[in-house]
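First the structure, in the form of structure tokens, and then the observations on it.
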Amino acid sequence: MKHSTTSRLERLFLFKDQMPVETTAAAGAAIFKIFGVPVIAGALAAALGYLLMWPKTRGEAFVRFIVSIISSIVLGPFVVVMMRSGWPQLFDSANDIARMYGTDPALGFLFIAAPLMVMVGLPAWWVMGACVRWLDKRREKDIGELAVDAAAIVKAAREAL
């Protein structure tokens with residue numbers, strides 16, 4: 001059998017033409033699921049936060065936006081795993097619905113995971129906004145005075161309960 005360099009190259013290109021579309025699509029979908037969904041969920045949480053508590057400055061908006069995304073990325077998967085272990089039927093039903101519409105069953109997982117990740121990002125938006133505004137009101141105070149103010153707030157909250 002005679003194998004020339006050209007035939008090896010031809011086989012290489014034939015192999016290349018037969019496989020990459022599916023492989024590339026699968027890899028792109030996997031990368032999107034791993035990195036894209038949490039970032040998009042955090043961005044949606046920040047967008048919803050804009051509707052309820054508008055930032056006063058661009059700096060505040062940037063900080064709150066980034067904190068919402070980080071919260072969705074870090075805490076979102078934890079909440080999804082907790083929900084999956086506590087209520088697996090919900091995820092099974094979402095997979096069934098995805099199959100019913102002729103899509104990948106993994107998309108059903110995202111039906112549940114994405115809203116959970118958005119919900120995790122919303123409190124971060126509000127808490128960061130409250131912290132920024134609390135610190136802004138006390139701009140001229142040093143760390144000791146801030147600690148005294150925080151202690152007074154905690155004491156008042158305990159007395160109210």
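Being a predicted model, the structure only gives us computed values, none of them experimental.
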Residues that Arg58 engages under side chain to side chain donor-acceptor pair (under 3.5 Å), provided they are two or more places apart:
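Here no residue qualifies.
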
Solution key, residues 146-154 side-chain donor-acceptor pairs under 3.5 Å, sequence neighbours excluded:
residue	atom	partner	partner atom	Å
Asp149	OD1	Lys141	NZ	3.4
Asp149	OD2	Arg138	NE	3.1
Asp149	OD2	Lys141	NZ	2.7

Value rounded to 0.5 Å, distance of [atom1] in [X] from [atom2] in [Y]:
| X | Y | atom1 | atom2 | value |
| --- | --- | --- | --- | --- |
| Ile66 | Arg64 | CD1 | CZ | 13.0 Å |
| Met119 | Ser72 | CE | OG | 10.5 Å |
| Phe111 | Asn95 | CZ | CG | 9.0 Å |
| Leu110 | Asp104 | CG | CG | 9.0 Å |
| Met83 | Leu116 | CE | CG | 5.0 Å |

Carboxylate-amine/guanidinium contact Arg139 Asp136, below 4.0 Å:
yes

What pair of heavy atoms forms the shortest contact from Gly86 to Pro88, and how long is it?
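Here Gly86 and Pro88 meet closest at C-CD, 3.6 Å.
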
Locate the shortest heavy-atom distance separating Ser68 from Gly121; write the atom from each residue and the value.
OG-O, 3.5 Å

Quick one: list whatever passes salt bridge (charged side-chain N to carboxylate O under 4.0 Å, His left out) with Arg99, sequence neighbours left out.
Asp96

Contacts of type salt bridge (charged side-chain N to carboxylate O under 4.0 Å, His left out), residue Arg158, not counting sequence neighbours:
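Result, salt bridge (charged side-chain N to carboxylate O under 4.0 Å, His left out) vs Arg158: none returned.
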
Would you say [X] and [Y] are hydrophobically clustered, going by side-chain heavy atoms of ILVMFWY under 4.5 Å?
| X | Y | answer |
| --- | --- | --- |
| Met117 | Ile112 | yes |
| Phe62 | Ile70 | yes |
| Val79 | Val74 | yes |

Tell me, which pairs form a ring-ring contact (aromatic ring centres under 6.0 Å, His included) where one or both residues lie in residues 70-91, sequence neighbours left out?
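ring-ring contact (aromatic ring centres under 6.0 Å, His included) check on residues 70-91 returns Phe91-Phe109.
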
Of all residues at least two apart in sequence or in a different chain, which pass the side chain to side chain contact (heavy atoms under 4.5 Å, CB included) check with Val67?
Val63, Ala124, Met128

Between Ser71 and Val120, is there a donor-acceptor pair closer than 3.5 Å when you use the side chain of the first and the backbone of the second?
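Answer holds: yes.
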
Is there a side-chain contact between Glu140 and Glu145 (heavy atoms, below 4.5 Å)?
no

